[in-house]
Amino acid sequence: MARLDLLAVVIILLGCSDIQVASAWTVNNFLMTGPKAFLTYANSVQIGAQRGIQECKHQFAWERWNCPENTLQLSTHSGLRRATKETSFVHAISAAGVMYTLTKNCSMGDFDNCGCDDSRIGQTGGRGWIWGGCSDNAAFGEKISKEIVDALEGGHDSRAAVNLHNNEAGRLAIKSTMRRACKCHGVSGSCSIQTCWMQLADFREVGNYLRVKYDHAMKLEMDKRPVRDGNSADNRGAIAQTFRSIPRTELTYLEDSPDYCVKNQSMEFQGTEGRECLKGDKDMSQRERRSCRRLCYECGLRVVAKRIEVVSSCNCKFHWCCTVKCDRCARVVTKYYCSNKHGGRKTHHKTRQRPRGRSTSRRQ
């Protein structure tokens, strides 16, 4: 694979990590000294990172923060990495997306050195069933994802420790959502014995799992300053002590979230002005029903209705053989947007809110 393609994948993952733009020397150095597996699995890594960001945007579609616009969005805020609740989710879902794609491609036979997990084939799994079939090789996906994604975290301070912890939480989410699938055997479909295997859940289920973890993320009170001697015994010991009591499956963060109502160019989020919200459908989810309040009213904006003509396929008919022909029908729909055009933006009285997640105090 061309070096430019590899560079693009590295930048994608750096973007997901919300860190400052790496110099060309740093990227080239990583490509020269990083794991050789990166060359073989670069395409899967890129697709996996994109899958993670797409899922992030689905999970936060009706929230003030609605994920990076794309996987190349990088933070240059004071040249520092950030460690907010939102960054914790991006780390977790990106690492999960990479592991998920690597595991899927492995089971499909896309890699010469990897296939189904057959380590338990033939063993009794429970009453009336044995291990068989093609179990998704999560151990392989986890190993390669860890080698590649975690290698991009070069720091040794508390932020680096939090980022690596959240990467791990994302990979564990893949394993936690895997499900057993079985096939019946026996005379006339009697199902006297079953063979079963482990398979990946739909990635949407992984996203839902991590969204719950985000809602209950744990804030750590730690010294966030980079240390000169990151490998010192004192520093390593302090960080290890902090994470000793924190389950590996939980998301963690260090910094309170900024005000996502307001556009902030330096932090690269656009605010909520101009965002669409939803109204008036009893079949909506709770997040959708509260979207206008959260995005507009609580941010000091008003809701304006716009009538928009939407053209879509209709009256589709199947014609032998084998085409489907449709008409193009236009209809007018009403959509709602956050705006300050009528009287300007109201004063946004932001009250300091307690983090919704748990808080664990540890100091280095």
Side-chain angles (χ1 to χ4, degrees), residues 1 9 13 35-56 58-59 91-150 166-213 247-251:
M1 183 173 289
V9 177
L13 289 174
K36 293 181 181 179
F38 191 85
L39 298 171
T40 304
Y41 310 118
N43 189 54
S44 294
V45 171
Q46 182 175 12
I47 293 172
Q50 292 171 341
R51 172 179 267 139
I53 292 299
Q54 289 168 0
E55 181 60 25
C56 181
H58 169 81
Q59 293 293 332
H91 270 274
I93 199 69
S94 299
V98 171
M99 174 177 168
Y100 188 93
T101 304
L102 286 164
T103 302
K104 202 79 169 173
N105 291 352
C106 169
S107 298
M108 294 172 63
D110 293 343
F111 306 134
D112 293 337
N113 62 336
C114 174
C116 301
D117 179 5
D118 57 3
S119 59
R120 293 180 288 187
I121 293 280
Q123 297 180 20
T124 300
R127 185 174 181 180
W129 66 275
I130 61 173
W131 287 106
C134 178
S135 290
D136 286 322
N137 199 334
F140 169 85
E142 182 180 31
K143 177 179 181 293
I144 302 302
S145 173
K146 184 178 178 67
E147 287 182 3
I148 295 175
V149 177
D150 286 8
N166 291 324
N167 288 350
E168 176 73 0
R171 289 188 288 266
L172 290 175
I174 298 293
K175 298 168 75 172
S176 296
T177 54
M178 291 184 74
R179 295 292 180 264
R180 193 175 76 227
C182 298
K183 181 179 180 181
C184 284
H185 304 278
V187 180
S188 301
S190 62
C191 204
S192 57
I193 188 68
Q194 296 183 75
T195 56
C196 302
W197 58 94
M198 294 298 292
Q199 65 181 23
L200 295 169
D202 186 86
F203 197 67
R204 176 56 40 77
E205 188 174 341
V206 178
N208 293 340
Y209 177 95
L210 285 174
R211 177 59 198 263
V212 173
K213 295 296 183 183
R248 295 187 302 153
T249 56
E250 304 304 308
L251 298 187

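All residue numbers refer to positions in the sequence shown, counting from 1. On a predicted model such as this, the values are computed, not experimentally measured, just so you know.
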*Atom CD1 of I93 and atom CG of N166: how far apart are they, to the nearest 0.5 Å?*
12.0 Å
*How many angstroms lie between SG in C56 and CZ in R51, if you round to the nearest 0.5 Å?*
15.0 Å
*What orientation do F140 and F111 show, parallel under 30°, tilted 30 to 60°, or perpendicular over 60°?*
tilted
*Under 6.0 Å from the CG atom of D112, do we count more than 12 heavy atoms belonging to anything else shown?*
no
*Which value, rounded to the nearest 0.5 Å, describes the distance between K175 atom NZ and E142 atom CD?*
4.0 Å
_Non-neighbouring partners of R248 that pass side-chain hydrogen bond (donor to acceptor under 3.5 Å, both in side chains), sequence neighbours left out_ = E168
*Could you grab the distance from atom OG of S94 to atom CG of N167, nearest 0.5 Å is fine?*
8.5 Å
_Set of residues satisfying salt bridge (Lys or Arg N to Asp or Glu O under 4.0 Å) with respect to R120, sequence neighbours excluded_ = none
*About how many Å separate SG of C182 and CD1 of I193, when rounded to the nearest 0.5 Å?*
10.0 Å
_Going by side chain to side chain contact (heavy atoms under 4.5 Å, CB included), name the residues that satisfy it together with C116, two or more places apart in sequence or in a different chain._
C134
*Which heavy atom of T249 sits nearest a heavy atom of A169, and at what distance?*
O-CB, 3.8 Å
*Which heavy atom of K213 sits nearest a heavy atom of E250, and at what distance?*
NZ-OE2, 2.8 Å
*Say whether, by atom type as modelled, one donor and one acceptor occur between the side chain of T101 and the main chain of V98 under 3.5 angstrom.*
no
_I need the I47 CD1 to N105 CG distance, nearest 0.5 Å._
6.5 Å
*Looking only at heavy atoms, what is the nearest atom pair of Q59 and R211, with distance?*
O-NH1, 2.7 Å
_Does anything in residues 123-136 form a side chain to side chain donor-acceptor pair (under 3.5 Å)? List the pairs, not counting sequence neighbours._
S107-D136
*Closest approach of M178 to I174 (non-hydrogen atoms, all atoms of both residues)*: CG-O, 3.2 Å
*Counterpart residues, ring pair (Phe, Tyr, Trp, His ring centres under 6.0 Å), relative to F203 (two or more places apart)*: Y100
*Determine the minimum heavy-atom distance between G115 and C106, stating which atoms define it.*
O-SG, 3.2 Å
_Partners passing salt bridge (Lys or Arg N to Asp or Glu O under 4.0 Å) against D110 (at least two apart in sequence or in another chain)_ = none
_Sequence-distant partners of A92, side chain to side chain contact (heavy atoms under 4.5 Å, CB included), two or more places apart_ = L210, L251
*Name all residues meeting the side-chain hydrogen bond (donor to acceptor under 3.5 Å, both in side chains) criterion together with T103; count only those two or more places apart in sequence or in a different chain, and write none if there are none.*
none
*Who pairs with A181 by side chain to side chain contact (heavy atoms under 4.5 Å, CB included), at least two apart in sequence or on another chain?*
W197, Q199
*With sequence neighbours left out, write down each residue that passes side-chain hydrogen bond (donor to acceptor under 3.5 Å, both in side chains) with Q54, or none if nothing qualifies.*
none
*Considering residues at least two apart in sequence or located in another chain, which fulfil the salt bridge (Lys or Arg N to Asp or Glu O under 4.0 Å) criterion with K143?*
E147
*Mind listing the closest non-hydrogen atom pair of M99 and A138 along with its distance?*
CE-O, 3.5 Å
*asked:* Among residues at least two apart in sequence or on other chains, which ones pass side-chain hydrogen bond (donor to acceptor under 3.5 Å, both in side chains) with K104?
replied: none
